[in-house]
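A short write-up of the structure that comes next.
Quantities reported herein were computed from a predicted structural model and do not represent experimental measurements. First the proteins, then the strands, lettered A, B, ... as listed; each starts at 1.
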There are 2 protein chains.
Amino acid sequence: MPTRTGRPPRISKTDILAAAHRVIGSEGTQALTMRRLAREVGTTPMALYHHVRDKDELLLMLLDDYAAGVPRPEPPAGAAPGERVVAAAVAMRGALMGVPWIIEVLRADDLMSVRALWYPEEIIDASVLAGLTPEEAVDVYRIIWHYTAGEITARAAAARRREDDRPTHRSEVFENLDAARLPRLAALGAQWEELTARDTYDKGIRALVRGLLPPPAA
Amino acid sequence: MPTRTGRPPRISKTDILAAAHRVIGSEGTQALTMRRLAREVGTTPMALYHHVRDKDELLLMLLDDYAAGVPRPEPPAGAAPGERVVAAAVAMRGALMGVPWIIEVLRADDLMSVRALWYPEEIIDASVLAGLTPEEAVDVYRIIWHYTAGEITARAAAARRREDDRPTHRSEVFENLDAARLPRLAALGAQWEELTARDTYDKGIRALVRGLLPPPAA
DNA sequence: GAGACTTTTTATACATGTATAGAAAGTAGC
DNA sequence: GCTACTTTCTATACATGTATAAAAAGTCTC
């Protein structure tokens, strides 16, 4: 009989998460401070810390909620394993791309959130079907994860820089280029800004899949 | 004649950077706060902000100093372009791996630091020699950069988690696994921790190179 | 050399995440 | 009902990055 002892809780993890969603939804991600959240829940800031280890964990749980909303697509019937890996990776990245505060969370954990585990499952499964051992398939997933996390982080950082419209730091770099030692970069020059705005995620994923999975039997 | 007007500066960017190096060297990276740094330089915290936009920029400059210390290796004479790309990427990652606060800086910029531009130069040059257009070569560099940044971030996050010895959050995940929906992950189970500790950077880089560069003429 | 102007430095203040200590509010044993 | 114990919540405090306003310390014009 689980009769709880101690002072009965006034708030729950669920309350906190719901309030966090409300705040983010109505006032944006930057409004989500522990104090603001406490007000929304109707308690004090420190009370939150009895239900949540720290803000990172809170964000991780929000990410979990969010990722759970993205449904697992039906695996395309006759698709080659490589295509299944690509599809899963693209879906994973698509889910994360929409979360603006992702950049703060990615520092905190390297595995996808609890309810979004179908991404690794799918990637690992397809890799095994392609002929890899489970161990190798895990490597494939981790490599893809690293690539994806890096791409998203860079994307988010670039977006933030655009907001603050910092002078990009790169223009400065390209002005003081030593053309003798760095001819390729010097030749690219002004093009750089434009070239680095391109979305190369798919290209990278396909290259990884080509390089990691055995070629499909002809 | 550039006779400077206005109040003469008491401190310089150089002073600040030198002090920052001293602090980090003797007391570790966590001791580097703006107040501590100001004390070390002999000024007030806010005075630093006349020489440095914010702490991120300061860290970026420290990274620059650090990366400049890593010498550009002589390009191996007869090496295939692909091998040159791999070597440059591994060197780049090696240089970053040693910087413990890297994780805070990577959020701030996506291009390597000013004095470490030989990494992209080398990768782009080798890619062009392998037969790609300069535009494609830039893609190659960016894809490699994303992968590298992601790997380093994950590595740093894992290291920090080990310090705080948080219960890894993953054990919990694997305990509540729905084995019916996620058979591969369930089968891996306890192995996961061990498998994800492996260093797969090289494997990923080689796969990227295989997938991105045209096969060498036989 | 007196005021205008510019650059650098200082003082003060604020928002934020979170540590710490203790108060509040319940259950269990007697 | 009283004491012990447990859990949750509150109050207070601190370190941190940094905004803002004003003071200080020069040069330039006349």
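Residue Arg72(B) places its CZ atom among more than 12 non-hydrogen atoms of other residues, nucleotides or ligands, all under 6.0 Å distant.
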Check nucleotides 28-30 of chain D against the protein and report each pair of N or O atoms closer than 3.5 Å, with its distance, or say if there are none.
residue : atom : partner : partner atom : Å
dC28(D) : OP1  : Thr3(B) : OG1          : 2.9

Could you list all N or O pairs between the protein and nucleotides 10-14 of chain C that sit under 3.5 Å apart?
residue : atom : partner  : partner atom : Å
dT10(C) : OP2  : Thr43(B) : OG1          : 2.6
dT10(C) : OP2  : Thr44(B) : N            : 3.3
dT10(C) : OP2  : Thr44(B) : OG1          : 3.3

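Note on the helix from dG1(C)-dC30(D) to dC30(C)-dG1(D): angle between the axes of the first and last five pairs equals 20°, rounded to 10 degrees.
Under the ring pair (Phe, Tyr, Trp, His ring centres under 6.0 Å) criterion, Tyr201(B) pairs with Tyr147(B), sequence neighbours left out. Looking at residues two or more places apart in sequence or on another chain, you find no salt bridge (Lys or Arg N to Asp or Glu O under 4.0 Å) involving Asp202(A). Glu40(B) pairs by the salt bridge (Lys or Arg N to Asp or Glu O under 4.0 Å) definition with Arg22(B), Arg36(B), not counting sequence neighbours. Judged as a side-chain hydrogen bond (donor to acceptor under 3.5 Å, both in side chains), and not counting sequence neighbours, the contacts of Arg206(A) are Glu83(A). In this view, Arg84(A) and Glu122(A), Asp125(A) satisfy the salt bridge (Lys or Arg N to Asp or Glu O under 4.0 Å) rule, not counting sequence neighbours. Judged as a ring pair (Phe, Tyr, Trp, His ring centres under 6.0 Å), and not counting sequence neighbours, Tyr119(B) has no contacts. In this view, Arg198(B) and Asp139(A) satisfy the salt bridge (Lys or Arg N to Asp or Glu O under 4.0 Å) rule, not counting sequence neighbours. With sequence neighbours left out, Tyr49(B) forms a ring pair (Phe, Tyr, Trp, His ring centres under 6.0 Å) with no residue at all.
Nucleotide dG22(C) holds its P atom 21 Å from the OH atom of Tyr49(A), rounded to whole Å. One can place CZ of Arg36(B) at 14 Å from P of dA15(D), the figure rounded to the nearest angstrom.
Side chain of Lys55(B), nearest nucleotide from dT9(C), dT18(D), dC9(D): dT18(D).
Of the residues in residues 24-31 of chain A, none lies under 4.0 Å from DNA chain C by heavy-atom distance.
His50(A) has its side chain out of reach of Lys13(A): every pair of non-hydrogen atoms, C-beta onward, lies at least 4.5 Å apart.
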